[in-house]
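Heads up: the structure comes next, in structure tokens.
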2 protein chains.
Amino acid sequence: MDQRSYNQFCATARTLDLVGERWTLLLIRELLTGPKRFGELQNCLRGLGTGLLAARLKHLEREGLIERGTLPPPARTPAYALTAAGRDLEPAILALARWGMTWAMGQPRDDESFEPGWVMLGLKACFDPRAAQRLHAVYEFRIDDDAFYVRIDAGAIEVVHGPAQHPDAVITTTEELFREIAAGRATLGEAFTDGTASATGKPETIRRLAGLFRVPPARARTAAPTP
Amino acid sequence: MDQRSYNQFCATARTLDLVGERWTLLLIRELLTGPKRFGELQNCLRGLGTGLLAARLKHLEREGLIERGTLPPPARTPAYALTAAGRDLEPAILALARWGMTWAMGQPRDDESFEPGWVMLGLKACFDPRAAQRLHAVYEFRIDDDAFYVRIDAGAIEVVHGPAQHPDAVITTTEELFREIAAGRATLGEAFTDGTASATGKPETIRRLAGLFRVPPARARTAAPTP
DNA sequence: CGGCATCCATTTTGATACTG
DNA sequence: CAGTATCAAAATGGATGCCG
């Protein structure tokens, strides 16, 4: 599982030697929004068996991409978190996500699973720092029984799985809307208008939210003439 | 080979469904610097058998990421080129490369193969558009028997495998130097000084070259405290 | 629940031989 | 060369069962 290397002295190949195996990048994707426990990971990653999950976690820990630790004091249960090296994979994963938004999303198939966190990460991938100049705000998203918070700080964005401490605005909506957003059939702005999402908090903070993200238009993957 | 899907309605997962299999991203990496033939691909990708290469090419063609065509008129031999969708994977591949430069390069192992093109792509990944303001120039790199050209156009960079038509400057050097650059033990600037690389052409164009790239410093992948 | 071990059916892969 | 055919060796997935 890690003795199979491409044997190329190339930055891309070396990276794929470490994280190119099946499930690995998706596992890291899950940890991008905060530490998760074994069972949580298994829930998000249907089809990944316990054995393979344990092997992948061990491999990533040995390679210094994740750390096994325990959640904040009250809960003494083990959890996995990204190290600095692991966190630094975020730009690559968001780049893959942007590609997927453009070229591969279309309609959900009915055998596909879905997590609101994937859309939260998608929003992050579409975040436009220039649209967030001078904005400092914490948003809390409540999607059915899931919660995320988004902290915007002068062109930087942070997305974390879990409720916020002192949100400036709270957005309440459904997983169904998030599915529609992922399919490109809805936007946050429209959702506020047609009532599929509601918000409480500082009006100005709410007003700026929808403009922070530039969703790339979907395109079809048909052979294109070389320019 | 394509019936194995993650079955997630997620942009990242959908992308990996298409290009996440072994060898696929490296294959696309090879095509980022221009069309290549079956045999050329096989040469760069030691360990990838002909059967699997053929299968991958067929899959990528069917999915609209590459096109099978023939090289420019004189040679009537088949070659594979990226479509617009395939080319659009470049940001993701360069992001993976940047990660590898930072966290995974170190020294070459002696069982690793090496291609100068991988370093050319590494340079592209380190290109700093702001350092190239107002610069319009075509550089030709001659690395032993390989050639690449690099066109800089006001903050944009293009890297193509093959000789240039009318280069403003020609850089001549060895594969050995490129290996050292990949290992972070040499830079273009030093190479001009110590004579391991030589350049002919417009002095001002040559002078600006080394400053166009910001190579990220290498870091060790040891468990880091979460900030 | 967290996590590892084991067994087994199915895929993927790697390596090589072979054909136009 | 470009690509198919073939076969052995891994990797995967699913279903357990076990132990703290």
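To find a chain, count down the sequence lines: A is the first, B the second, and so on, and within it residues start at 1.
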Describe, as an angle rounded to 10 degrees, how the axis at the first end of the helix from C:dG2-D:dC19 to C:dG20-D:dC1 is tilted relative to the axis at the last end, five pairs per end. 30°
Taking salt bridge (charged side-chain N to carboxylate O under 4.0 Å, His left out) as the definition, give me every residue that meets it alongside A:R68, ordered by chain and number, with sequence neighbours left out.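 Salt bridge (charged side-chain N to carboxylate O under 4.0 Å, His left out) list for A:R68, sorted by chain: empty.
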Taking only residues two or more places apart in sequence or in another chain, which ones pass salt bridge (charged side-chain N to carboxylate O under 4.0 Å, His left out) with A:R142? A:E140
[X] [atom1] - [N] [atom2] separation (whole Å):
X: A:E40; N: C:dC1; atom1: CD; atom2: C1'; answer: 12 Å
X: A:L41; N: C:dC1; atom1: CG; atom2: P; answer: 15 Å
X: A:E21; N: D:dT12; atom1: CD; atom2: P; answer: 6 Å
X: A:L45; N: C:dG3; atom1: CG; atom2: P; answer: 14 Å
X: B:N43; N: D:dA2; atom1: CG; atom2: C1'; answer: 13 Å
X: A:N7; N: C:dT13; atom1: CG; atom2: P; answer: 17 Å
X: B:R56; N: D:dT4; atom1: CZ; atom2: P; answer: 15 Å
X: B:D17; N: C:dT12; atom1: CG; atom2: P; answer: 12 Å

Side-chain H-bond candidate by donor/acceptor type, A:T174 with A:D144, under 3.5 Å: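 Side chains of A:T174 and A:D144: no pair found under 3.5 Å.
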Taking NZ, NE, NH1 and NH2 as the nitrogens, is one of them in A:E112 or B:R14 under 4.0 Å from a carboxylate oxygen of the other?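 Yes, this pair counts.
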Answer yes or no: is there an ion pair linking A:R29 with A:E90, defined by an N-O contact shorter than 4.0 Å? no
Look at [X] and [N] and indicate whether a side-chain polar atom (N or O) is within less than 4.0 Å of OP1 or OP2.
X: A:Y6; N: C:dG14; value: no
X: A:R68; N: C:dG2; value: no
X: A:R22; N: C:dT11; value: no
X: B:W23; N: C:dG14; value: yes
X: A:K58; N: C:dG3; value: no
X: A:R4; N: D:dA9; value: no

Tell me the side chain to side chain donor-acceptor pair (under 3.5 Å) pairs involving residues 41-50 of chain A, sequence neighbours left out? none
Begin with the C-alpha distance, continue with both residues' side-chain angles, and end with the deciding distance and a verdict on side-chain contact (heavy atoms from CB on, under 4.5 Å) for A:D146 and A:F141. CA-CA 8 Å; A:D146 240 335; A:F141 285 77; over 6 Å; no
Check the pair A:E30, A:W118 against side-chain hydrogen bond (donor to acceptor under 3.5 Å, both in side chains), reporting the backbone distance first and the verdict last. CA-CA 8 Å; A:E30 293 305 323; A:W118 302 339; 2.7 Å; yes
Of the residues in residues 28-38 of chain B, which ones touch DNA chain D at a heavy-atom distance under 4.0 Å?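 Correct list: B:R37, B:F38.
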Which ones in residues 108-116 of chain A lie close to DNA chain D, meaning a heavy atom under 4.0 Å from one of its atoms? none
If the condition is side-chain hydrogen bond (donor to acceptor under 3.5 Å, both in side chains), which residues does A:E61 pass it with, not counting sequence neighbours? none
Report the residues that fulfil ring pair (Phe, Tyr, Trp, His ring centres under 6.0 Å) with [X], sequence neighbours left out, ordered by chain and then residue number.
X: A:F148; value: A:H161
X: A:F38; value: none
X: A:Y139; value: none
X: B:Y6; value: A:W23

Could you check whether any side-chain N or O of A:T173 sits under 3.5 Å from a backbone N or O of A:T196, counting only pairs where one atom can act as donor and the other as acceptor?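 Yes: the side chain of A:T173 pairs with the backbone of A:T196.
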Heavy-atom contacts, protein to nucleotides 15-20 of chain C, under 4.0 Å, summarised as B (base), S (sugar-phosphate only) or - (none) per nt, yield SBB---
